[in-house]
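Below, chains carry the letters A, B, ... as their sequence lines are ordered, and counting in each starts from 1.
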Amino acid sequence: MFDRKGNEPMGDEDIPPAFVGESDLVRGRLEKLRLWRERGVEPYGLGFSRGDNTAEIKERFASLADGEESGYRASLAGRLMALRRHGKACFADLEDREGKLQLMASLDSLGEEGYTLFQDLDIGDIVGVEGEVFRSRRGELTLRVFSFTLLSKSLRPLPEKWHGLKDVELRYRQRYLDMIVNPQVRENLLVRVKTIQALRRFLDGHGFIEVETPMLQPIPGGATARPFVTYHQALGQNLYLRIAPELYLKRCIVGGLEKVYEINRNFRNEGISYKHNPEFTMLEFYWAYVDYLALMDFLEEMVSAVVGEVKGALSFPYQGRDLDLTPPWRRVTMSRLVSEAVGCEISSGTPERELRAIAAEREVPLEEGWGPGKIATELFEKLVEPNLWEPTLVMDYPREVSPLARAHRNDPFLTERFELIVAGREIANAFSELIDPLDQRERFEEQARQRERGDEEAHVVDYDYLRALEYGMPPAGGLGLGIDRLVMLLTDSHSIREVILFPHLRPES
RNA sequence: GGGCCGUUAGCUCAGUCGGUAGAGCACCGGACUUUUAAUCCGGGUGUCCUGGGUUCGAUUCCCAGACGGCUCACCA
C-alpha cells in the first residue's frame, strides 16, 4: 500500500507505540523511514557541508538567460516544499532560510539508483543537494541535482501548499509549522529582530550602556501591575517576576552609570488580549542630566531612525489606514486633550465632583477611592486615547497616577511625564525622574494607603530604593518603550501574537 | 471573568430541516524527461472537540465542559 517494492503495509504490531493511532499519512512515512534504513541510508544525518544558499544563487545568476547553463556547481541544504514528478524527471522546491530554489532531478542526472531514491523523498524532508545551476526553458533558476543526501526524514505531512495553515490555534501552538508554511511569520520575526538591533545600535551610538537587572525581584516595582509570584526554596522567600526594571535602572544612575538601558522581558499577571501577553518586551533607558523635554526630542529621533532603517520609510499603512511617523509629532497636554473631548475646560484646579459629573455624563465608570488626577486620566484613556491615530506626545500626567515621576516645575498637581500614543495605543511612557527622596517616600506611602484600601496594583514601598535616592541621584530622564507594540505597527499586525514567536496559550486538553 | 462566534479527513473548507458525511490540496496506485497550485486515470483515508440528556436513532436538537477567535473589563 505504501511501498513501491510490494512489501506489506505496516501492521499495528510494527508501529512504534508512540505512533499508534496516527493517520495513514504518518504510518506511510514511518514505513518509508524503515525502508531508507533497510537500504543502508541513515535518514537523520549529522550535518552537511553546504557552500551556497538560495538567495546568493538567485542573486548571482539573476542575468542567466532562459535555457542557459551557468556551469557553476552549488551545494544547498533545506526543506523540500513541493514535488512535481514527471516520470523520468522530477522538479522540487528547496527552501532554506533565505528563500526557495527549484531543483530538477532526473534519471540522466542522478542515474537509475539515485533517481529511484530521490523519488522516495517526501514533501517536508530535509535534504542536502549538489548540482549545477541553470535557468529552465520556462525561465526558472534551477539546480540540476547530481547528488543528494537525506538529512532528516519528515514523519508528518505539512499543511496544504495553497491555503497554508490558517487555524490560529494551530498556528500558535505549533509555531514551528507556522514558520515553515507561512512566510509572514518569518518576515514579522525579521522586522522584530531588526528593530531591536537598530534600537541597540542607536542607543550604543549615543553613549548608552546596556545593563541587566534582576528578573526575580523581592519587591516588584516600577509599574502599577499585578506580579507573578514564585518561591526561592533555599532562602524560604517569595520572589516576584519583575513587572518593570525601572527601580534597578535608576539605582544604576545613582551608581554613576549616567546613561543605561535594558531591553528585556517584563511579566504582568493580567488578562491576555490582542495587545497583551503575560510576558512582553520593553526597552527602558535612563539618562542623567536631562529632563522630559529632551526625551521628547530624543524619542522622535530614535523612533524615526529605527523605523527608517527597518521599513525604509516613516509613512506606511497600518490596519488599512495611513500612518505617518515623521517628526515633529504633535505635543499636547493631557488636560487640553480631555478639555477638547468633553467640550469644557479641565485643569489642575477642576474639582473632583465636577470631573465625576463629566464622567457620569459620558458614561465612564469610576471607582470610589479615585481622586481628581485618576479620574482625569480615566477620562483621557476612555475618551481620547483610542482616537489618537497619528503619533502624539501627551504631556503632563497627574501626580496621582505617576508615583515615580518628578512633580511638574509649574504645577504641583502634575508631573513632568509624557506618553507617546500611536494608532490609539500607548507605545512609550517617559518622565523627568523623581529624585527627591522625601517626595518619593511620600508617594510610596500614598501608594501603600491605596494598597491597604485594596488596590493590589499599587506600589509596595521599596526602602532600599529610597535609601539609594538619599545618597543622591542626579536629575535624569527615563523612558520605556513597548517593543512588541512598536513591532505590531511595523508589521501591520492586529494581534500581539503575530509578533511574539510563542505567545501564551492555555494547555492543550 | 462577562457577552458573541467557532471546533467536521493531514491542511483549507462544504454539508447533514435527526437516518454515522463530501470537495480541493496532501496521500496511495498507474502514465509522463522543462514543471512550478504540473497534468491525466483510479482510490476517501473520519472519535464530525469532550461528557451527559432527548430520541428507535445524535455529527446535527438541548445542557454542561474544554480549547480558540472577537469583544468588554484590567493593563503596556
G-U wobble or Watson-Crick pairing nucleotide for A66(B) (cut-off 3.5 Å, both distances): U7(B)
Which nucleotide in the set G68(B), C28(B), U36(B) lies at the smallest distance from any side-chain heavy atom of Lys32(A)? C28(B)
Any-strand Watson-Crick or G-U partner of U45(B), both distances under 3.5 Å: A26(B)
When you compare G19(B) with A58(B), how far apart are their C1' atoms, in angstrom units rounded to a whole number? 10 Å
Nearest 0.5 Å please: distance from the CD1 atom of Ile180(A) over to the CG atom of Leu165(A). 10.0 Å
From CZ of Arg85(A) over to P of C40(B), roughly how many Å is that when rounded to an integer? 17 Å
Can you tell which of Lys32(A), Lys153(A), Arg79(A) makes a salt bridge (Lys or Arg N to Asp or Glu O under 4.0 Å) with Asp125(A)? Lys153(A)
Nearest heavy atom decides the nucleotide; on that basis, is Lys88(A) or Glu381(A) closer to the 5' end of RNA chain B? Lys88(A)
Which one, U33(B), A76(B), U36(B), comes nearest to the side chain of Glu140(A)? U36(B)
Write down the distance between NZ (Lys382(A)) and P (A73(B)), rounded to a whole number of angstrom. 6 Å
Look at the side chain of Lys161(A) and decide which nucleotide, out of C32(B), A26(B), U71(B), has an atom nearest to it. A26(B)
Ignoring hydrogens and angles, are the base of U36(B) and the side chain of Asp93(A) linked by a donor-acceptor pair under 3.5 Å? no
Carboxylate-amine/guanidinium proximity below 4.0 Å for Arg449(A) and Glu452(A): no
Below 4.0 Å: OP1/OP2 of C72(B) and any side-chain N or O of Ser273(A): no
Under 4.0 angstrom, heavy atoms only, what part of the nucleic acid is Arg506(A) near: base, sugar-phosphate, or nothing? sugar-phosphate
Give me the distance, rounded to whole Å, that separates U59(B) from G3(B) when you measure between the C1' atoms they each carry. 27 Å
With rounding to the closest Å, how many angstrom separate the P atoms on A9(B) and U47(B)? 8 Å
Quick one: label Lys100(A) by what it contacts on the DNA or RNA (base, sugar-phosphate, nothing), any heavy atom closer than 4.0 Å. nothing
Scan side-chain atoms only and decide if Asp52(A) and Tyr72(A) contain a donor-acceptor pair under the 3.5 Å cut-off. yes
For Tyr292(A) and Glu433(A), does a side-chain donor sit closer than 3.5 Å to a side-chain acceptor? no
Would you mind reading off the distance between Leu177(A) atom CG and U12(B) atom C1', rounded to a whole angstrom? 14 Å
Considering only atom P, compute the distance from U16(B) to C49(B) and round it to an integer number of Å. 15 Å
Between U7(B) and U50(B), how far apart are the two P atoms, rounded to whole Å? 13 Å
Of the nucleotides G1(B), C74(B), U34(B), which has the atom closest to the Arg144(A) side chain? U34(B)
To the nearest angstrom, the CD-P distance between Gln119(A) and C27(B) comes to 13 Å
Output one line per pair: protein atom, nucleotide atom from nucleotides 4-11 of chain B, and distance, for all N/O pairs under 3.5 Å.
residue : atom : partner   : partner atom : Å
C11(B)  : O2'  : Glu160(A) : N            : 3.3
C11(B)  : O2'  : Gly164(A) : O            : 2.7

Between U20(B) and U12(B) - C1' atom distance, rounded Å: 23 Å
Taking atom C1' of C32(B) as reference, at what distance in whole Å does atom CG of Leu83(A) sit? 16 Å
What does Glu426(A) touch in the nucleic acid at a heavy-atom separation under 4.0 angstrom: a base, only the sugar-phosphate, or nothing? sugar-phosphate
Hey, mind stepping through Met179(A) and Leu189(A) against side-chain contact (heavy atoms from CB on, under 4.5 Å) and telling me if it holds? CA-CA 10 Å; Met179(A) 289 187 226; Leu189(A) 174 68; 5.7 Å; no
Any-strand Watson-Crick or G-U partner of U36(B), both distances under 3.5 Å: none
Of all the choices, A76(B), U34(B), U36(B), which nucleotide is nearest to the side chain of Gln102(A) once you look at every atom? U36(B)
Got a sec, which residues hit side-chain hydrogen bond (donor to acceptor under 3.5 Å, both in side chains) with Thr224(A), two or more places apart in sequence or on another chain? none
Would you say Phe91(A) stacks on A38(B), if stacking means ring centres under 5.5 Å apart and planes within less than 30 degrees? no
If you look at every strand shown and take non-hydrogen atoms under 4.0 Å, does Asn277(A) touch a base, only sugar-phosphate, or nothing? base
A37(B) to C32(B) separation - P atoms, rounded to the nearest Å: 24 Å
Integer angstrom distance from the C1' of G46(B) to that of A21(B): 9 Å
Proximal nucleotide (of A76(B), G1(B), U36(B)) relative to the Ser136(A) side chain: U36(B)
Return all side-chain donor-acceptor pairs below 3.5 angstrom for residues 370-380 of chain A, not counting sequence neighbours, or 'none' if the list is empty.
residue   : atom : partner   : partner atom : Å
Thr377(A) : OG1  : Gly373(A) : O            : 2.8
Glu378(A) : OE2  : Lys382(A) : NZ           : 3.0

Toward the 5' end of RNA chain B, by each residue's nearest nucleotide, Glu367(A) or Ala89(A): Ala89(A)
Separation of C70(B) C1' from Tyr274(A) OH (nearest whole Å): 10 Å
Apply salt bridge (Lys or Arg N to Asp or Glu O under 4.0 Å) to Glu270(A) and Arg226(A), showing your working. CA-CA 7 Å; Glu270(A) 288 155 358; Arg226(A) 184 178 313 192; over 6 Å; no
Taking the six-membered ring where the residue is Trp, are the ring centres of Phe285(A) and Phe208(A) under 6.0 Å apart? yes
Taking only N and O in the side chain of Arg226(A), is any of them less than 4.0 Å away from OP1 or OP2 of C74(B)? no
Rounded to whole angstroms, how far apart are CZ on Arg84(A) and P on U33(B)? 17 Å
Nearest whole angstrom, please: distance from the P of U36(B) to the CH2 of Trp162(A). 12 Å
